[in-house]
Protein chains: 2
Amino acid sequence: MNRESTMITDEQAVEIFKALSNQIRVNILQMLKEPDHHFSTQAHVIKEKGFDGGVCVSDIHSKVGLSQSTTSQYLSILLQSGLVEMKRIGQWTYYRRNEETIKQFEKYIGLKI
Amino acid sequence: MNRESTMITDEQAVEIFKALSNQIRVNILQMLKEPDHHFSTQAHVIKEKGFDGGVCVSDIHSKVGLSQSTTSQYLSILLQSGLVEMKRIGQWTYYRRNEETIKQFEKYIGLKI
DNA sequence: TTTATATATCGAGAATTATCAATATCCTTT
DNA sequence: AAAGGATATTGATAATTCTCGATATATAAA
């Protein structure tokens with residue numbers, strides 16, 4: 001079947017721009033590109049749980065140099081923008097990039113900006 | 001000769017994201033994509049003056065629904081980010097898109113985000 | 001050189017964002 | 001049920017952004 005990937009709206013794009021208008025949030029997104037390189041291997045969710053590439057908040061926290069609460073809030077902002085997705089597994093919350101949104105965002109830039 | 005177009009830095013990218021984290025500034029950039037369509041034809045700088053596609057501040061002002069000073073400041077923000085360039089001709093200041101920066105920005109998104 | 005037009009800058013208040021410590025909530029383990 | 005660890009939320013203050021009117025500056029016209 002042909003997946004109809006809907007073009008992002010201007011409003012959503014602005015929300016993404018806001019999310020990325022902060023160096024640390026950009027860093028987080030960039031680190032999530034190569035979780036194995038930036039975080040301790042055992043920390044990411046194991047493949048079996050079906051959230052490959054996900055990194056838990058405390059791991060991200062220990063890399064960014066911000067308080068736990070700010071780290072959590074920044075991840076919420078990235079989540080709201082659609083750039084990342086999250087899954088709670090037990091007591092941990094794992095975040096990973098939402099490559100579909102990122103692809104649509106790229107497309108938006110090329111067509112609308 | 002092979003033009004060596006330098007990759008945008010993370011810092012510059014964040015400045016661009018900030019510039020675009022406002023719907024009206026995005027609108028301005030979008031309108032400058034088709035000046036003839038959005039602004040009165042005679043208003044843009046004439047081709048002979050070598051700044052094709054440029055639109056003067058007052059024309060932009062009359063489209064965006066913000067005060068003259070805010071319009072001017074928003075254009076400065078876009079200018080600082082590199083997304084537009086400007087040229088003063090007589091008493092008018094013309095702004096137009098800087099397609100080279102925009103192209104590099106697109107490339108940055110694809111490679112670094 | 002006075003006047004008019006176009007744009008930029010200044011000063012200020014409102015709104016939003018950044019950031020933290022403290023606390024609450026949710027799971028897991030005891 | 002109590003305790004502990006992980007994450008989210010709350011409350012607060014500082015910093016930044018938004019936005020305007022007023023004013024300054026630059027250029028053109030009279």
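Just so you know, these numbers come straight off a predicted model, no measurement behind them. Order of the sequence lines fixes the chain letters, A, B, ..., with proteins taken first and strands second; residue numbering starts at 1 for each chain.
Taken from CD in Q73(B) to CD in Q68(B), the straight-line distance is 9.5 Å, to the nearest 0.5 Å.
Nearer the 5' end of DNA chain C, as judged by each residue's closest nucleotide, is the contact made by I77(A), out of I77(A) and G90(A).
Distance F17(A) CZ to dT17(D) P: 17 Å, rounded to the nearest Å. Distance NE2 (H61(B)) to P (dA6(C)): 11 Å, rounded to an integer number of Å. Taking atom CG of L79(B) as the reference point, atom C1' of dA8(C) lies 12 Å away to the nearest angstrom. Between the NZ atom of K87(A) and the P atom of dC27(C) there is a distance of 14 Å, given to the nearest Å. Distance CD (E15(A)) to P (dT16(C)): 14 Å, rounded to an integer number of Å. The separation between I89(B) atom CD1 and dA26(D) atom P is 18 Å, rounded to whole Å. Here the P atom of nucleotide dA6(C) and the CD1 atom of I60(B) are 14 Å apart, to the nearest Å. dT17(C) atom P lies 14 Å from atom CG of L78(A), rounded to whole Å.
Under the salt bridge (charged side-chain N to carboxylate O under 4.0 Å, His left out) criterion, no residue pair touches residues 9-22 of chain A, with sequence neighbours excluded.
For the pair R88(A) and Y94(A), the NZ or CZ position fails the cation-pi test of under 6.0 Å to the six-membered ring centre and within 45 degrees of the ring normal.
Taking 4.0 angstrom as the limit, N22(A) places a side-chain polar atom (N or O) nearer than this to OP1 or OP2 of dA18(C). OP1 or OP2 of dT19(D) sits under 4.0 Å from a side-chain N or O of Y74(B).
A pairwise comparison of heavy atoms in I109(B) and E106(A) identifies CG2-CG, 3.5 Å as the closest pair.
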* Asked: Which parts of nucleotides 2-16 of chain D does protein reach within less than 4.0 Å, heavy atoms only, written one letter per nucleotide 5' to 3' as B for base, S for sugar-phosphate only and - for none?
  -> ---BSBBBB------
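Side chains of S69(A) and S72(A): a donor-acceptor N/O pair is absent below 3.5 angstrom, by distance only.
Salt-bridge annotation for E100(B) and K103(B): present, with a side-chain N of the basic residue lying under 4.0 Å from a carboxylate O of the acidic one.
The ring-ring contact (aromatic ring centres under 6.0 Å, His included) test applied to Y95(B) returns no partner, not counting sequence neighbours.
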